[in-house]
Visitor: 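Below you'll find the structure I mean.
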Amino acid sequence: MKQKIYSKDIILILAASFFYLSSPMLVTPLITGFSKGEPIPKENPPQSAVYDELEIVDKKVLPIAMIIMLFAIPYCATQSFLVNYVEAGNLSVSVSLFFPLYAVVLLVLRLTMRNLFDRLPFRVFLIGSSGSAFLAILALALMHNNMMLFFAALFMAGGYGIMCSVCQSTAILLAGPEKRGLANSTYYIGLDLGMALGPVLGGLLFGNLSLSLFYPVLLITVPLILLIYFIFCRRL
């Protein structure tokens, strides 16, 4: 008698287990059939965190990165080839004064303009620094004494030097607080590209063109900066 009851209990447990496992396959088609042909809405899958980690650049910051890249190219080309440029042109210029003058002028500009960085829009700095970069490259192209060297250092500080700070702060503001790291990364990609392309382009120009064309060709970066601004950043 106990054996029969025991066997019935096992059968009931197995039947209940089978019903539990097979119920989703049986009930779901029935619910679908009585829902007037309307599919059951599915929840959107959560966005994978891996996708966010794979994001390399911030698209909103890319124009700013391109702008600082173009500002960096003439500066880094000058940094790499100024000594060769002066020697090849037999210029009576103290090349060693250029970068100390640049550093001093940049420090003075940042101290005197510290209250303006938060007040003036990006376009004011861009237009002013573009004009300054243009004059710096022009002064280097026409350089024949230390006075021209001084003006070149002064205007280079007002161009590349000032825009390094302005572009970085603008990149962070465009990205927002949740993407500050990505904005900084995008900015430095542009800056690093400019630092790499400057010596490369400078070497190509210095080795293949007349010395008198070295800085006039680098002058093309200024209209390219303005072009990128008017296409992508006009509202800034």
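The analysis underlying the following values was restricted to heavy atoms, covering all of them including side chains, and did not include hydrogens, waters or symmetry mates.
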Visitor: Would you compute the distance between atom CZ of Phe206 and atom CG of Asn84 and round it to the nearest 0.5 angstrom?
Guide: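 The CZ atom of Phe206 sits 5.0 Å away from the CG atom of Asn84.
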
Visitor: Please round to the nearest 0.5 Å and tell me the distance separating atom SG of Cys167 and atom CG of Leu126.
Guide: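 That separation rounds to 7.5 Å.
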
Visitor: Do Arg110 side-chain atoms and Leu106 backbone N/O form a donor-acceptor pair below 3.5 Å?
Guide: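 Flag not set: sc Arg110 to bb Leu106 has no pair under 3.5 Å.
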
Visitor: Drop me the distance from Met143's CE to Tyr85's OH, to the nearest 0.5 angstrom.
Guide: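 OH of Tyr85 is found 6.0 Å from CE of Met143.
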
Visitor: Under 6.0 Å between ring centres, would you say that holds for Phe155 and Phe134?
Guide: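 For Phe155 and Phe134, the ring centres are not under 6.0 Å apart.
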
Visitor: Applying side-chain contact (heavy atoms from CB on, under 4.5 Å) to Ser129 and Phe71, what does each step give before you reach the verdict?
Guide: CA-CA 9 Å; Ser129 292; Phe71 270 106; 4.1 Å; yes

Visitor: If Ile, Leu, Val, Met, Phe, Trp and Tyr residues are connected whenever their side-chain heavy atoms lie under 4.5 Å apart, and connections chain through other members, are Phe117 and Val108 in the same group?
Guide: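 In one cluster: no.
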
Visitor: What do the steps show when you test Leu62 against Thr186 for side-chain contact (heavy atoms from CB on, under 4.5 Å), and what is the final call?
Guide: CA-CA 7 Å; Leu62 273 178; Thr186 306; 4.1 Å; yes

Visitor: For Leu191 versus Ile68, what's the shortest heavy-atom pair and its separation?
Guide: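 Closest heavy-atom pair between Leu191 and Ile68: N-CG2, 3.8 Å.
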
Visitor: Of the options Asn145, Leu149, Val86, which is the one that meets Leu91 in a side chain to side chain contact (heavy atoms under 4.5 Å, CB included)?
Guide: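 Checked Asn145, Leu149, Val86 against Leu91; only one passes side chain to side chain contact (heavy atoms under 4.5 Å, CB included): Val86.
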
Visitor: So do the side chains of Leu201 and Val217 get within less than 4.5 Å of each other, counting heavy atoms only?
Guide: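 Contact flag for Leu201/Val217 side chains = no.
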
Visitor: Within a radius of less than 6.0 Å around CZ of Phe151, do more than 12 heavy atoms belonging to other residues, nucleotides or ligands occur?
Guide: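 No, CZ of Phe151 has 12 or fewer neighbouring heavy atoms, counting only those of other groups under 6.0 Å.
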
Visitor: Could you tell me how the ring of Phe99 sits relative to the ring of Tyr102: parallel (under 30°), tilted (30 to 60°) or perpendicular (over 60°)?
Guide: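 Geometry flag for Tyr102 against Phe99: perpendicular rings.
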
Visitor: Provide the closest heavy-atom pair for Ala183 versus Ala171 in the form atom of the first, atom of the second, distance.
Guide: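 Looking at all heavy atoms of both residues, the shortest contact is CB-O, 3.5 Å.
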
Visitor: List in chain and number order the residues that pass salt bridge (charged side-chain N to carboxylate O under 4.0 Å, His left out) with Lys60, two or more places apart in sequence or in another chain; answer none if no residue qualifies.
Guide: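 Testing Lys60 for salt bridge (charged side-chain N to carboxylate O under 4.0 Å, His left out), a comparison that skips the adjacent residues, returns none.
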
Visitor: Any donor-acceptor pair under 3.5 Å linking the side chain of Ser80 with the backbone of Ala77?
Guide: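 Side chain of Ser80 to backbone of Ala77, a donor-acceptor pair under 3.5 Å: no, none is there.
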
Visitor: Distance from Lys59 atom NZ to Phe232 atom CZ, nearest 0.5 Å?
Guide: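 Here the interatomic distance stands at 13.0 Å.
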
Visitor: Between Val83 and Leu97, is there a shared hydrophobic cluster once you connect ILVMFWY residues whose side-chain heavy atoms come closer than 4.5 Å?
Guide: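 Shared cluster, yes.
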
Visitor: Which residues satisfy the side-chain hydrogen bond (donor to acceptor under 3.5 Å, both in side chains) test with Tyr229, sequence neighbours excluded?
Guide: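 side-chain hydrogen bond (donor to acceptor under 3.5 Å, both in side chains) check on Tyr229 returns nothing, list empty.
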
Visitor: Other hydrophobic cluster members with Leu111, side-chain heavy atoms of Ile/Leu/Val/Met/Phe/Trp/Tyr under 4.5 Å, chained?
Guide: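 Besides Leu111, the hydrophobic cluster comprises Leu107, listed by chain and residue number.
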
Visitor: Same cluster for Val93 and Val104 if Ile/Leu/Val/Met/Phe/Trp/Tyr side chains link at under 4.5 Å?
Guide: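 Different clusters.
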
Visitor: With rounding to the nearest 0.5 angstrom, report the OG1 to CD1 distance, Thr221 to Ile67.
Guide: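 One finds 12.0 Å between OG1 of Thr221 and CD1 of Ile67.
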
Visitor: Please report the shortest heavy-atom distance between Gln168 and Tyr187, naming the atom on each side.
Guide: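 So the two residues come closest at N-CE1, 3.6 Å.
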
Visitor: Can you tell me how far the CG atom of Leu182 sits from the CD1 atom of Ile172, to the nearest 0.5 Å?
Guide: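 With rounding to 0.5 Å, CG (Leu182) is 11.5 Å from CD1 (Ile172).
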
Visitor: Minimum heavy-atom separation for Ser169 and Val166, please, with both atom names.
Guide: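 What the structure gives for the nearest pair is OG-O, 3.0 Å.
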
Visitor: Going only through I, L, V, M, F, W and Y residues with side-chain contacts under 4.5 Å, is there a path from Val222 to Ile127?
Guide: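 Looking at the clustering, Ile127 is in a separate group from Val222.
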
Visitor: Which atoms form the tightest heavy-atom contact between Met148 and Ala139, and what is the distance?
Guide: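 In this case the closest contact between Met148 and Ala139 is CE-O, 3.8 Å.
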
Visitor: Tell me, do Met163 and Ile225 make a side-chain contact under 4.5 Å, heavy atoms counted?
Guide: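 They are not in side-chain contact.
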
Visitor: Of all heavy-atom pairs between Ile228 and Pro63, which one has the smallest distance, and what is that distance?
Guide: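 Residues Ile228 and Pro63, closest heavy atoms: CG2-O, 3.9 Å.
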
Visitor: One pair to check against side-chain contact (heavy atoms from CB on, under 4.5 Å): Leu236 and Leu174. What are the steps and the verdict?
Guide: CA-CA 10 Å; Leu236 295 178; Leu174 284 175; 3.7 Å; yes

Visitor: Side chains of Ile73 and Leu218, heavy atoms from C-beta outward: is any pair under 4.5 Å?
Guide: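 Counting from C-beta outward, Ile73 and Leu218 do come under 4.5 Å.
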
Visitor: Verify side-chain contact (heavy atoms from CB on, under 4.5 Å) between Phe122 and Ile64, making sure each step is shown before the conclusion.
Guide: CA-CA 10 Å; Phe122 177 77; Ile64 303 298; 3.9 Å; yes

Visitor: May I ask whether Phe150 and Leu142 are part of the same hydrophobic cluster, defined by side-chain heavy atoms of I, L, V, M, F, W, Y residues being less than 4.5 angstrom apart, directly or through others?
Guide: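 As far as the 4.5 Å side-chain criterion goes, Leu142 and Phe150 are connected within one cluster.
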
Visitor: Assess, by modelled atom type and distance only, whether the side chains of Tyr215 and Thr78 contain a donor and an acceptor separated by less than 3.5 Å.
Guide: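 Their side chains do contain a donor-acceptor pair, which is all the 3.5 Å distance test asks for.
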
Visitor: Is there side-chain contact between Phe125 and Met113, with heavy atoms separated by less than 4.5 Å?
Guide: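 Side chain of Phe125 against side chain of Met113, heavy atoms only: contact under 4.5 Å found.
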
